[in-house]
Amino acid sequence: MSAILLIEQVLNGLQFGVMLFLMAAGLTLIFGVMGLINLAHGSLYMVGAFAAAAAAAATGSFALALVAALSAAALAGVLIEVAVIRRLYDAPHLDQVLATFALILVFSEGTRWVFGSFPLYLDIPDALSGPVTLPGGIQYPLYRLALIGVGLVVAAGLWWLTQRTRLGMQIRAGKDDREMIAALGVDISKLYTLVFALGAALAGLAGALVGAIQSVQVGMGEPVLILAFVTIVIGGIGSIKGAFIGALLVGLTDTLGGIFLPLILTVAMAPEAAAQTGAALASMLIYILMGAVLVWKPTGLFGGARPA
Amino acid sequence: MSDAVLSTHGLRKSFGALLATDGVSLDLRPGEIHAVIGPNGAGKSTLIAQICGSLAPDAGQVRLDGIDVTAAKPAQRARRGLARTFQVSALAMEDTVLENVTLGATGRDGGGYGLLRRALGRGDRHDRALAAIDRVGLGGVADMPAAALSHGQRRLLEVAIALSLAPRAFVMDEPMAGLGGEGSAELTRLLDALRTEAPILLVEHDMDAVFALADRISVLVAGRVIASGRVDEVRADRQVRRAYLGDL
Amino acid sequence: MKHLLLATAACAIGATAAMADVKVGMITTLSGGGAGLGIDVRDGFMLAIEQSGRDDIEVVIEDDQRKPDIAVQLADRMIQSEEVDVLTGIIWSNLAMAVVPSATAQGKFYLSPNAGPSQLAGRGCHPNYFNVAWQNDNLHEAAGAYASEVGYSNSFILAPNYPAGQDALTGYKRLFEGDIAQETFTQLGQTDYAAEIAAIRASDADSVYFFLPGGMGISFLKQYADSGVDKPVIGPAFSFDQGILQAVGDAALGVTNTSQWSKDLDNAANQAFVESFVAEYDRLPSLYASQGFDTANLLISAMEKADVSDQDAFRAALEEADFDSVRGDFRFGSNHHPIQTIYAREVIEEDGVYTNRIIGTALEDHADVYAAECNM
Amino acid sequence: MIPERLVTIGAVAGLLAVALGAWALGEIFTITLATRAAILALAATGLNIALGYGGLVSLGHAAFFGLGGYAMGILAFHAQSYTPLELGSLTIEGTKSMPVIWLVAVCVSALAAWVIGLLSLRTGGVYFIMITLAFGQMFYYFAISWSAYGGEDGLPIYLRNSFPGVDTLVPVQFFGLCFAALVLALLLSARLRSAPLGLALNAARQSPARVAAVGISPTRVKLVAFVISGAITGLAGALYADLNRFVSPAMFSWQLSGELIVLVILGGVGRLAGPVIGACLFVTLEHWLGGLTDFWHVWLGAILLGVVLFARGGIVGLLTGKAGPHV
């Protein structure tokens, strides 16, 4: 394996990781502030992708598609927060799991009802299409580089938001002490709606960005949701920093594992058997990583105290 | 010291820069009530957590009946006869008084994992549970769920569960917390009689109760024992008066 | 229950029903991922029934949600409760494997409009099982043959790591005469192919063969087109079908794919089919629609010759395959799988719609390799 | 209001009556539906021990269901192809005998539950939910890519396995077997609930510190319950595979884990009859709603939301007028 290919694969892992971060950040923020486990987060990812595809088809503009994705996902987020989610903040986890599971059913079948069963079309904008040559002669798709950039910018923005702004201060306070924040005169229910909408918008953004290089279809959110869960379990639930590190770890492990395991196995096996066995093992790799982290640190890399 | 039922030796625990307990050594002898007092933040809760096993000390030892139990988990310590009560009632709220106390009687003899017999009903455990319930005066509400009890009754239920363990030593974390004058008096009478069953390490803020019950008092301030001795000795201690009793 | 009762009331009273009515149970995927395929098969099938004008066919249609256990349950219901004579409709090999063996063992006919797993073509073949589409390997074999024919000598091949994917690569290698640069198995349902595309770029392959059905193919093609790698790509028709092409868009233009059917196939039956399908459903027919259409016509041709209650006669009638297939010549091999010509197509844009046109013949009168293992 | 004991007996008798009635009327498919309900009820009875008694929200119980299914699939596959199963130096003959298959299914899923429980009980709450979900997915992906046993295609078993003295191919007799397994599991569940383990488990759900303070390790109690729970669900998986004469990775899917929780909640969490009523209701809904509209999942979702937000005790809660355990 050449160095160029290796670097390219690392970039791929990175790109996968930062997109995963967009999903995981919303999940972990919502859990950290409101103590809510949201299975329907994957549905918001799907809503973003569908909204982007519909807007792109109508206007032909990728920028408008992104705006549509952000606003549709945020709107869907506000809608379900007000209608369902806010009744669940003090409810046991079981109720949260069930209610958000029910939301997945409604969202998935509802989307199919509206958009039909065929995948939708969403393409990369012309300005970002095609490969660029990086130093060292590496050919790499410009759009994927842009994705890495967007992910890093969002990560920096989230850090700034939570650490440097008044809203962030309220979020951090709300995490530790709801009564205190209420006593300060902040409308806690508005704050929660806002945080939920923010998480939803991040998921919608991820859906739209990724939708341009994948297929926009019903059910696209669930595999990503599960990976995002693995990510925040590894990083520590409630920690944005943990979500970032966890996402990069999962992205790199998954990408590089899929490449290297079959190659390593060819030492001991026939190529075809190695390819199959390697792929089978690679599909389990991130879960093994998660198990290993849990044995070492039961609350994840940046998790707080043992949860109740 | 060899006759102490429960003893700690140089227990130290820090959280970051904060030294919560700093070399605490105490002992509890048969038949006595040993009170631990101190202002808020003195490290009393941390001390109890280390004695009962929910927090591992950075250094030091806990001995029960002369055996080092520092590495033992809370459940193992309980099976060796260490019975605790909680500052904030920790009860199975949906379960009845009888079920809560039977759980204690069951756990003490290692029967908590059994599948073959019934948990409730006739038998040695049942008898021990009923005896403990009667002893604290909850006989009339034995079939009520804990959630339906008054605050005072829940405090008594905590004691009944501890009693059902037939313990070697009690560790009680502010049993009087939140009780009115009458409730305190009733619980004080109960604890007074309990010391013959097993000695009591009593952490308490209610000074009336402490002076009425304690054979010995240790004063914990900023993680250190600054005085320890008979009630009148501690009362007279100038350091204690300045550091603690002075602001009573 | 979504019974589609084509038997009219008048006929139900039926003064002159010489032959018994035939009850067909269609189990297909109408909801969730992959529903587009089932909908096309259903629409093609029903179009043929409608055009036949017959009122002695009753079709019961149920949605398997692409779940094997649901499919089994539906089959149980159709056999035990609805007492159907013929089953059809299943899209996916794994669902077919769950349903077909026990259905045929219970004396029902099964006409497969899509899935053709190798087990059912070889040792697991059954006199009551007919495949009207293809044996799973066929289009892959054709792709291998065509790749050799146009002079490719070193292929990078990839497919998801599941039985159909493994069969696909085996099928391609069977008739491909060149070398294999690398053989890669991806995860089923994988949506990002950056790593594989990087490996393709780094390899010395002169061509790429991929089998990635559904959304996987869309993702792969879009990412491949964007990567700037310009090695020619070949695939089976599944990733270039009418339903899916619009979602792939420009990325698919010019890609070669193999298929036993294409909408520009020049025969009367096909022209009539395409025309009437567009008129009826206001969209271009897909490969799956053509297979559903042929399946229904096969059934109708057998009904004209024999009564379904006489199993041996009905089976013989099916074996004759005496109908005008939209793919031109069509006959069954000894294992009741098609012997047919497979074409190479190219993706083009036509009146703003992405579609395919035939550019050559990959395999003439091709049968599958499993027929030899089948003892009926 | 109706006493819980009566609700339990009524639910079980009702299921039996439906099957026997269908048998008398020759409605074979209704027997198949009843069998499906009985098997799902068995799986949910297993889950109820972890979820209802122990408060362990496992979103990965499909792992045990699938393992039970594959235990059946693999043993029967080797029996029908007359090839022994080679595990290193160990050679195991396949079998078509249900009692043997059940034993293996129970042992394998118990072992998996022990390992998963050991890892996931290191933490609690929301971590537990996500970790069980993730391990379930791990089995799912492995099963898909494990081509030796069919991978994604699954593994068909051409003839239903055998049980001494029973013709398992006759629907009502197979129903009898599944029903018997369900009744046994319910008896075990009832026994567990009233045994010291049940008392401790119930208390550990409400206050782990209390349980530890009386000398019982809450983690160990939960682990034992999780293992028993997984084993019962594994047995259900083996029966389900035999009902369909087919196993596939879909048995491992996380949607199935979610549906099992849904069954328990619809019926009544922590109640003996909860899983039985929930399973019967689910199968009925699936059958009728599925017949009315292609989009029946939307309505299932709406019903579920209604139960979660407004009727937490499920059907048993409505019938007995008492809120169940708080999970």
Side-chain angles (χ1 to χ4, degrees), chain B residues 49 52-54 72-96 98-121 123 125 129 145-147 157-158 161-167 171 173, chain D residues 4 49 52-55 110 114 117 121-122 184-185 187-229 231-232 269-271 312-313 317 322-327:
Chain B
C52 296
S54 50
K73 296 206 166 105
Q76 292 169 316
R77 296 183 201 205
R79 282 202 298 280
R80 288 187 178 278
L82 186 67
R84 72 171 298 189
T85 69
F86 292 87
Q87 185 181 354
V88 178
S89 293
L91 298 165
M93 286 295 178
E94 294 168 12
D95 293 0
T96 64
L98 181 61
E99 285 168 335
N100 269 288
V101 182
T102 305
L103 183 70
T106 307
R108 174 64 158 105
D109 50 19
Y113 312 104
L115 254 180
L116 296 179
R117 49 192 282 187
R118 286 187 166 276
L120 302 175
R125 291 169 187 166
L157 178 53
E158 286 263 340
I161 298 173
L163 196 53
S164 74
L165 290 176
V171 175
D173 193 355
Chain D
E4 193 178 336
I49 291 174
Y53 303 167
W114 184 69
L121 284 169
R122 289 173 67 84
L184 283 177
L187 289 175
L188 174 69
S189 181
R191 160 55 62 176
L192 187 150
R193 190 161 67 162
S194 58
L197 180 67
L199 188 66
L201 182 62
N202 198 24
R205 169 172 57 80
Q206 303 170 55
S207 174
R210 163 49 61 206
V211 176
V214 298
I216 303 170
S217 159
T219 314
R220 211 168 117 196
V221 166
K222 287 177 180 171
L223 186 58
V224 171
F226 196 66
V227 168
I228 294 174
S229 166
I232 294 177
V269 65
R271 307 304 187 88
R312 284 221 64 227
K322 281 189 211 146
H326 206 62
V327 177

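Worth knowing before you read on, the calculation uses all heavy atoms, side chains too, and leaves out hydrogens, waters and symmetry mates. Just so it is clear: chains get the letters A, B, ... in the order the sequence lines come, proteins before strands, and each one is counted from 1.
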When the 4.5 angstrom heavy-atom criterion is applied to D:Arg205 and chain B, the contacting part is side chain

Closest heavy-atom pair, B:Leu103 versus D:Ile216, reported as atoms and distance to 0.1 Å, is CD1-CD1, 3.8 Å

Residues 198-229 of chain D vs ring pair (Phe, Tyr, Trp, His ring centres under 6.0 Å), sequence neighbours excluded, gives D:His61-D:Phe226, D:Phe64-D:Phe226, D:Phe128-D:Phe226

Looking only at D:Ser207, D:Ala200, D:Gly198, most heavy-atom pairs under 4.5 Å shared with chain B are made by D:Ser207

When every non-hydrogen atom of D:Pro196 is compared with those of B:Arg125, the smallest separation belongs to CG-NH1, 3.9 Å

Exercise. For the side chain of D:Gln206 and the backbone of B:Glu94, is there at least one donor-acceptor N/O pair under 3.5 Å apart?
Worked result: yes

Pair count under 4.5 Å, heavy atoms only, with chain B: among D:Leu201, D:Leu188, D:Asn202, D:Val224, highest is D:Asn202

Ranked by heavy-atom pairs below 4.5 Å to chain B, first place among D:Ser217, D:Ala203, D:Ala204 goes to D:Ser217

Show which side-chain atoms of residues 84-93 of chain B pair as donor or acceptor with protein atoms under 3.5 Å away, not counting sequence neighbours.
residue, atom, partner, partner atom, Å
B:Thr85, OG1, B:Asp173, N, 3.4
B:Ser89, OG, B:Arg155, NH1, 3.4

query = So, the side chain of B:Arg118 versus the backbone of D:Ser194: is there a donor-acceptor pair under 3.5 Å, distance only?
reply = no

So, the part of D:Pro218 with a heavy atom under 4.5 Å from chain B: the answer is neither

Minimal heavy-atom distance between B:Ala78 and D:Val214, with the atoms involved, is CB-C, 3.8 Å

Minimal heavy-atom distance between B:Ile161 and D:Arg210, with the atoms involved, is CG2-NH1, 3.6 Å

Cut-off 4.5 Å, heavy atoms of chain D, and the answer for B:Leu165 is side chain

